[in-house]
Amino acid sequence: MSPTYEYIVAVLITILMLGYTYYSVTTLSSNQLQLVEEEQLDVVASRLFDKILLTKGYPEDWGSNLYVNNTSLKDFGLALQHGKMYDLDVDKVMRIYPGVSEIINPLYLNTTTFGTITGLYDAKKGYWKYGFRFLLKTALNITIDKADTKSPTEKFKVTVKNYMGKNAPNAEVKGTYIAIYVVNNEYFDYAYVIINNMTDWMGQAMLDFKNNMPQIPQGISEYAYCLVVSVNYYGLQSQHSYVANTIPTLGLSIQGKYLIANFTQVEDIARGAHHLELTALELTSSLNIIINPALDVTNGEAGKIVNYGGKNYRVYELANSPSQDVIFVGLLVKKQGKWGLVFATRPRTPVAVDYMSMGLKSAGINTVTLSRIVRIGTNSYYAELTLWRMSE
């Protein structure tokens, strides 16, 4: 072969080798950069999750301190002041619950405040750098259904699933059936019974109170019933309640040591005054019962803090601040000659909070999801954080 041709072939081979090498290097570099970006998102999500679950925020009592609001909160964290790792403060959890249609939480900490404190939201430019969703729900999903047509109900079917939605067989079920009644139109008292059972392979258990109903004194004709169920499943504990005599035109919420009652009009239900027995019945996660007097403070200093005003909105201050393990607070209410019971739960069950940024994630955008089990009092909750990048 002519030396000229040999030279041309050698140059072409060299060019091809250099081109392939360049392509390989740039492709490898691109993949490495993509991995680095994914790792960075993982790091941001991990740090944010730890901040939410392991730090107390500032002031550290911002959950129960009604004077702390969206402008005065300096730092965010749900951890209990004097608790163990992954012990959450129920009052702080309640501050990120917006409320329900009948009662809007006046102490709600909005997500923009959270985003500004954590750096997810650029307050100056007015956009989210990262989108997020923080979900907190009971580790066990418990449903309670009536299993007879009697009044009051004597038999209930309890169904238990874990936080993944799977049946929970061999779970320990404890039912506390409470009868609350008024004595001589002066004060209320209560009686209760407890029975236990185990769930079957379908995660179901029957609680039959037919031969073991709460004993009401003779001569008492006005009363209300409620059932509180506690389930323990291989160390995970959750609770749920069923109120037999409920008042559909009254909503109740609890924030710190304040009960917020909102009188609402429901279609096809007659209007009427609500007469509240201002002594609260509290139940702890160990199913202990506590009596706690309440005082109407709607027009007082506390009312000015938590009340937007309006004739249908009342605020009651509990004499003693509920402890961290108080999960239900009830008030006895009389309407149109009949007594009923209204309950506030702390936090809400089964979904305690579903807290997210304004910008929802889009299909195809890379996300990172972290989860773990945490505690509120002695109850177990499933916490999940999803984080994704936002485009400007």
Practice task
Ignoring hydrogens and angles, state whether a donor on the side chain of Thr367 or Thr386 is under 3.5 Å from an acceptor on the partner side chain.
Solution key: no
Problem - Distance (rounded to the nearest 0.5 Å) between Ser253 OG and Leu259 CG - result: 8.5 Å
Exercise for the section: Would you check, one step at a time, whether the test side-chain contact (heavy atoms from CB on, under 4.5 Å) holds for Val160 with Val158? Expected result: CA-CA 7 Å; Val160 184; Val158 178; 4.1 Å; yes
Exercise for the section: Taking Gln255 for its side chain and Leu107 for its backbone only, find out whether a donor-acceptor pair lies under 3.5 Å. Expected result: no
Fill in the blank from the handout: Contacts of Tyr121 meeting ring-ring contact (aromatic ring centres under 6.0 Å, His included) (sequence neighbours excluded), chain-then-number -> Trp128
Exercise for the section: Applying side-chain contact (heavy atoms from CB on, under 4.5 Å), run through Ile216 and Tyr225 and close with a yes or a no. Expected result: CA-CA 11 Å; Ile216 299 176; Tyr225 281 92; 3.3 Å; yes
Completion exercise
Value for CG (Leu88) from CD (Gln324), rounded to nearest 0.5 Å, stands at 9.5 Å
Practice task
Check Ile195 against Asn212 and note the closest heavy-atom contact, atom names and distance.
Solution key: CG2-ND2, 3.5 Å
Practice task
State, to 0.1 Å, how close Tyr130 and Val44 come at their nearest heavy-atom pair, and which atoms those are.
Solution key: OH-CG2, 3.8 Å
Problem - Which residues share a side-chain hydrogen bond (donor to acceptor under 3.5 Å, both in side chains) with Thr111, sequence neighbours left out - result: none
Handout entry: Listed once per pair and sorted, the salt bridge (charged side-chain N to carboxylate O under 4.0 Å, His left out) pairs that draw on residues 371-387, sequence neighbours left out
Key = Asp87-Arg375
Exercise for the section: Report yes if the side chains of Val231 and Ser238 come closer than 4.5 Å at any heavy-atom pair, otherwise no. Expected result: no
Exercise for the section: Verify, without hydrogens or angle tests, whether Asp122 (side chain) and Gly126 (backbone) share a donor-acceptor contact under 3.5 angstrom. Expected result: no
Handout entry: Audit row: Ser230, Gln237, side-chain contact (heavy atoms from CB on, under 4.5 Å) steps and yes/no
Key = CA-CA 7 Å; Ser230 180; Gln237 177 177 292; 4.1 Å; yes
Fill in the blank from the handout: Here the side-chain hydrogen bond (donor to acceptor under 3.5 Å, both in side chains) pairs for residues 135-150, sequence neighbours left out, are Lys150-Glu154
Problem - Side-chain heavy atoms of Leu136 within contact of Ile376, under 4.5 Å - result: yes
Exercise for the section: Please report the shortest heavy-atom distance between Ile327 and Ser285, naming the atom on each side. Expected result: CD1-CA, 3.9 Å
Exercise for the section: Compare every heavy atom of Pro214 with every heavy atom of Ala179, then report the nearest pair and how far apart it is. Expected result: CB-CB, 3.8 Å
Handout entry: Co-membership, hydrophobic cluster, residues Tyr97 and Leu135, 4.5 Å side-chain
Key = no
Handout entry: Any Leu318 side-chain heavy atom under 4.5 Å of Tyr258 side chain
Key = no
Problem - Min side-chain heavy-atom separation Leu78-Asp89 under 4.5 Å - result: no
Fill in the blank from the handout: The complete set of ring pair (Phe, Tyr, Trp, His ring centres under 6.0 Å) pairs with one or both residues in residues 73-94, sequence neighbours excluded, reads Trp62-Phe76, Phe76-Phe114
Practice task
Calculate, to the nearest 0.5 Å, the distance between atoms CG and CD1 belonging to Leu236 and Ile373 respectively.
Solution key: 5.5 Å
Completion exercise
Residues at least two apart in sequence or cross-chain that pass side-chain hydrogen bond (donor to acceptor under 3.5 Å, both in side chains) with Tyr108, listed by chain then number, are none
Handout entry: From Ser371 atom OG to Tyr382 atom OH, the distance as rounded to the nearest 0.5 Å
Key = 3.5 Å
Handout entry: Side chain Glu282, main chain Asn292, donor-acceptor under 3.5 Å
Key = no
Problem - Centroid separation Tyr355 to Phe134 less than 6.0 Å - result: no
Residues 169-178 side chain polar contacts: donor-acceptor under 3.5 Å, at least two apart:
unit_1: Tyr177; atom_1: OH; unit_2: Thr153; atom_2: O; d: 2.6

Practice task
Ignoring hydrogens and angles, tell me if any N or O in the side chain of Ser357 forms a donor-acceptor pair with the backbone of Phe132 under 3.5 Å.
Solution key: yes
Practice task
Would you sort out whether Ser286 and Asn288 count as a side chain to side chain donor-acceptor pair (under 3.5 Å), showing the intermediate values?
Solution key: CA-CA 6 Å; Ser286 300; Asn288 295 319; 4.6 Å; no
Exercise for the section: Tell me, please, which residues at least two apart from Ser151 pass side-chain hydrogen bond (donor to acceptor under 3.5 Å, both in side chains). Expected result: none
Problem - Residue pair Leu207 / Val229, side-chain heavy-atom distance below 4.5 Å - result: yes
Handout entry: 4.5 Å side-chain heavy-atom contact, Lys257 and Pro322
Key = yes
Handout entry: Other cluster members, Trp201 - Ile/Leu/Val/Met/Phe/Trp/Tyr, side-chain contacts below 4.5 Å
Key = Met202
Handout entry: Those residues that, when tested against Thr113, pass side-chain contact (heavy atoms from CB on, under 4.5 Å) (two or more places apart)
Key = Asn70, Leu109, Asn110, Ile117
Handout entry: Any Leu227 side-chain heavy atom under 4.5 Å of Phe209 side chain
Key = yes
Problem - Cluster check Tyr233, Met198: I/L/V/M/F/W/Y, side chain < 4.5 angstrom - result: no
Practice task
May I ask whether Tyr58 and Leu48 are part of the same hydrophobic cluster, defined by side-chain heavy atoms of I, L, V, M, F, W, Y residues being less than 4.5 angstrom apart, directly or through others?
Solution key: no
Fill in the blank from the handout: Shortest non-hydrogen pair, Thr345 vs Ile254, comes out as O-CG2, 4.1 Å
Exercise for the section: Determine whether Leu140 and Tyr163 make a side-chain contact, defined as any pair of heavy atoms from C-beta on separated by less than 4.5 Å. Expected result: no
Practice task
Report the residues that fulfil side-chain hydrogen bond (donor to acceptor under 3.5 Å, both in side chains) with Arg346, sequence neighbours left out, ordered by chain and then residue number.
Solution key: Asp91
Handout entry: Linked, directly or transitively: Met213 and Met206 (ILVMFWY side chains, under 4.5 Å)
Key = no
Problem - Contact list for residues 47-71, test salt bridge (charged side-chain N to carboxylate O under 4.0 Å, His left out), sequence neighbours left out - result: Lys51-Asp75
Handout entry: Hydrophobic cluster membership, Val68 vs Leu80, 4.5 Å side-chain cutoff
Key = no
Handout entry: Check: Ala168 main-chain N/O paired with Thr199 side-chain donor or acceptor under 3.5 Å
Key = yes
Handout entry: Nearest heavy atoms of Gly203 and Asn167, plus distance in Å
Key = N-CB, 4.2 Å
Practice task
Go through the steps to decide whether Thr112 and Thr116 satisfy the test side-chain contact (heavy atoms from CB on, under 4.5 Å), and finish with yes or no.
Solution key: CA-CA 6 Å; Thr112 303; Thr116 302; 4.3 Å; yes
